[in-house]
2 protein chains.
Amino acid sequence: MSSSPGLAEVARLAGVSLATASRVVSGRGPASAASREAVRRAAAEVGYVPHPVASRLARGAGTRILFAVRDRRAGIVHDPFVTRAAAAMAAAVDADGLGVSLRHLPLDAAAGLERIAADRSVAAVVLAGHDSLDDVPAGLRGRFAAIGADGLDVDSAAGIGALLRHLHVIGRRRIALVSGPAWLAAARAPLGAYTTLMREAGLPIRVVPGDFTAGRGRLAAATVLRRWPDTDAIAAVSDATAFGVLQSLAAAGVRVPCDVAVTGFDDIPVAACVSAALSTATHPVELIAAAAAKAALGADSSARLFPSRPVLRSTA
Amino acid sequence: MSSSPGLAEVARLAGVSLATASRVVSGRGPASAASREAVRRAAAEVGYVPHPVASRLARGAGTRILFAVRDRRAGIVHDPFVTRAAAAMAAAVDADGLGVSLRHLPLDAAAGLERIAADRSVAAVVLAGHDSLDDVPAGLRGRFAAIGADGLDVDSAAGIGALLRHLHVIGRRRIALVSGPAWLAAARAPLGAYTTLMREAGLPIRVVPGDFTAGRGRLAAATVLRRWPDTDAIAAVSDATAFGVLQSLAAAGVRVPCDVAVTGFDDIPVAACVSAALSTATHPVELIAAAAAKAALGADSSARLFPSRPVLRSTA
DNA sequence: CTGAAAGCGCTAACAT
DNA sequence: ATGTTAGCGCTTTCAG
């Protein structure tokens, strides 16, 4: 009933050395079937729970994976996609006894990456928003991955392609694309897919640049309507952009999908819900979560009840 | 130019003992101004970067804070609110060299909590979805916080109250509430606020239970319309519910806000955008993020390009 | 294949 | 206030 049986306890009970017990439990290094069995049994008997922190310290490995997001705005860490990703990682590494931390990196990330490489508590790094991987320090070699710049990304060309084909199938022949910003590497694939497919089908190319936001989606739709009034479909490269397009079309009295069909990309949760600009009240989830983390760590913050502010829009 | 100067190096350079250096650097324990200064200088000189993992191992503290969400569905870890919270924590603990991991706990969480308490890699725990804190093991005492059950929550009573007052100001007198499930502690505050305010204002009480989802919002709105046809406002306790209400009203030909005003709660990002059910394509952010985490940790997964599936709804 | 021993980098008594 | 001395729990050469 001691606090927590360690590997030493297990080794003694199994009649082997600490080293052997370690080899068996961690699965690295040789071990005879006999001792393997003995250690297994002993571990089960005393209810051995490994201590990842000790293990990692001994190995010189860190205990957290750092999710570093490069962006102009520090608020990027609250971006829905970033949070989805961070949470997914946090769930993914749980079983390994690791955690993930999230960090915003300004555009000139070189220095930031050096500091990360020097931090021995960092087991590995996941980068996002890094178009070029040239500035990744050597110290990170072998222990980082880059979403969106490393072949590690959604197959947006195929996704957009499937949607464009669908539009063609339902008879649309004058399809416009609201693309991502031209300078963004991640925006090339959808644009390429669009261009290729339109050419193959002998259809006109109608591209208006966007930036993944609803605001630019609104502008883009207006531009499309003005420049090519006979457009019968608009494909946007993000759901947010599509929402903007829809708003713009509604304002112009264009019926969807009879007059103009619209497609987005992402399938964010609300994509399935219609809505009007909603009157509501804020819910400071981030503040509360951060406070909870601090509180759990022992810092007794005074604030326990967080204010909610009404946000009045068009429904009330 | 050695790999990483340790505290020993700093201590030697500062001409003090390891212990003193530790005291200064960690800030715990006494230290004369003189040695404090010496250590500071030495640390800066060699570019000392503390090793949180070693520190925490020596202290017997864990290296991650575990966000444990109790719910019926394992998919709760992808809930937008959960991800927002998890990401916010991950950003909050970054500076401390800690990480956060995310875990789903089934409804009979007792066993799960025991295991968490026994895991020495866990520095602290943040609980969500735990209405009662009776089943929290003693081993977690002093190192956990509970969102929603510990006074650590949004002030929803005030938030809803402000909205209701607004509705009253704009002349609404027959206000219905789509509440949360009756058995949920978190649902009591909004309901209480509503009841109190309606009574004080001498207005009728019209409550229909919901469950925070859009689906129940739709049903609830229909119920309201049938039961109290003269209702001129519907307050929902979540934005998702409000979206459902809006859909239902639109289907019934009720104009918003002229006929019926609607309010939600949460201010989720899309609350400001209108939309029709959108045709789009999936974007498996979670899969990619999890793969990225694994890849960063050295597991060479084969999948690098993740499939996107078209989701056809009403706009195309 | 196995064991003894020397750490990983820092902290915490205890004594001075 | 400071130094000495054991560890934290596990890994890993290096012999045997």
Side-chain angles (χ1 to χ4, degrees), chain A residues 2-40 42-43 46-64 96-98 118-123 298, chain B residues 2-40 42-43 46-64 96-98 118-123 298:
Chain A
S2 64
S3 54
S4 267
L7 205 45
E9 185 79 11
V10 173
R12 207 161 38 63
L13 213 156
V16 300
S17 78
L18 188 56
T20 300
S22 171
R23 293 191 189 103
V24 173
V25 167
S26 68
R28 61 182 108 246
S32 71
S35 38
R36 203 166 351 222
E37 189 45 37
V39 172
R40 287 259 145 74
V46 300
Y48 171 69
V49 179
H51 191 159
V53 179
S55 161
R56 305 216 136 233
L57 171 61
R59 251 181 310 160
T63 57
R64 55 176 178 150
D96 302 320
L98 299 179
D119 185 334
R120 287 106 102 224
S121 74
V122 173
Chain B
S2 63
S3 52
S4 267
L7 204 48
E9 185 80 12
V10 173
R12 205 162 39 64
L13 213 156
V16 301
S17 77
L18 227 190
T20 299
S22 171
R23 292 192 189 102
V24 173
V25 168
S26 69
R28 61 182 105 247
S32 71
S35 38
R36 205 171 344 227
E37 190 45 37
V39 172
R40 286 261 146 74
V46 300
Y48 171 69
V49 179
H51 194 330
V53 179
S55 163
R56 304 218 137 231
L57 172 62
R59 250 181 312 159
T63 56
R64 53 175 180 152
D96 302 320
L98 299 179
D119 184 336
R120 287 106 102 222
S121 74
V122 174

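Below, chain A is the first sequence line, B the second, and so on; all start at residue 1.
Between atom NE2 of residue A/His51 and atom CG of residue B/Asp119 there is a gap of 8.0 Å, rounded to the nearest 0.5 Å. Atom OG1 in A/Thr63 sits 12.0 Å away from atom CG in A/Asp96 (nearest 0.5 Å). With rounding to the nearest 0.5 Å, the separation of OG in B/Ser32 from CD in B/Glu37 is 10.5 Å. How far OG of A/Ser121 is from CZ of A/Arg56: 11.5 Å, rounded to the nearest 0.5 Å. Between the OG atom of B/Ser17 and the CZ atom of B/Arg23 there is a distance of 6.0 Å, given to the nearest 0.5 Å.
Closest to the side chain of A/Leu57, from the set C/dG9, D/dT2, D/dT12, is C/dG9. Residue B/His51 has its side chain nearest to C/dC10 when only D/dT11, C/dC1, C/dC10 are considered. Distance from the side chain of A/Ser32 is smallest for C/dC1 among the nucleotides D/dT2, C/dC8, C/dC1. Comparing D/dT2, C/dC8, C/dC10 by their nearest atom to the side chain of B/Leu7 picks out C/dC10. Nearest nucleotide to the A/Thr20 side chain, out of C/dC10, C/dG3, D/dT11: C/dG3. Residue B/Arg28 places its side chain closer to C/dA12 than to any other of C/dA12, C/dT2, D/dC10. In this structure, the nucleotide among C/dT11, C/dC8, C/dT2 sitting nearest to the side chain of A/Ala58 is C/dC8.
Summarising the geometry, the separation between CZ on A/Arg12 and C1' on C/dA4 is reported as 17 Å, rounded to the nearest angstrom. Atom CZ of A/Arg59 and atom P of D/dG9 are 17 Å apart (whole Å). Across the protein-nucleic acid pair, B/Leu18 atom CG and C/dG9 atom C1' stand 9 Å apart, rounded to whole Å. Note: CZ (A/Arg120) to P (C/dG7) measures 17 Å, nearest angstrom.
With contacts defined as side-chain heavy-atom distances shorter than 4.5 Å, the pair A/Arg64/A/Leu98 does not qualify.
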Exercise. Are A/Val49 and A/Ser4 close enough, and set up right, to give a side-chain contact (heavy atoms from CB on, under 4.5 Å), and what steps lead you there?
Worked result: CA-CA 8 Å; A/Val49 179; A/Ser4 267; over 6 Å; no

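Judged by distance alone, with hydrogens and angles left aside, the side-chain atoms of A/Arg120 form no donor-acceptor pair with the main-chain N or O of B/Val53 at under 3.5 Å.
The two residues B/Gly47 and B/Pro5 make their nearest non-hydrogen contact at O-CG, 4.0 Å. Here the closest non-hydrogen pair linking B/Leu18 and B/Ala8 is CD2-N, 4.2 Å.
Nucleotides of DNA chain D nearest to A/Ala8 and B/Ala34 differ in position, and the one nearer the 5' end is that of B/Ala34.
Using a 4.0 Å cut-off, no side-chain N or O of B/Ser17 falls inside it from OP1 or OP2 of D/dT4. Dashed line: the shortest gap from a side-chain N or O of B/Ser22 to OP1 or OP2 of C/dA12 is not under 4.0 Å.
Across all strands, A/Ala21 comes closer than 4.0 Å to no nucleic acid atom at all (heavy-atom distances). At the heavy-atom level, B/Gly60 lies nowhere under 4.0 Å from the strands shown. If you check every strand for non-hydrogen atoms under 4.0 Å, B/Ser55 touches sugar and phosphate atoms only. B/Val16 comes within contact range of the sugar-phosphate backbone alone, with a heavy-atom separation under 4.0 Å but no base atom that close.
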Distances under 3.5 Å between nitrogen or oxygen atoms of protein and nucleotides 13-15 of chain C:
none

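For the helix from C/dC1-D/dG16 to C/dT16-D/dA1, the end axes, each set by the C1' atoms of five terminal pairs, are bent relative to each other by 30° (nearest 10°).
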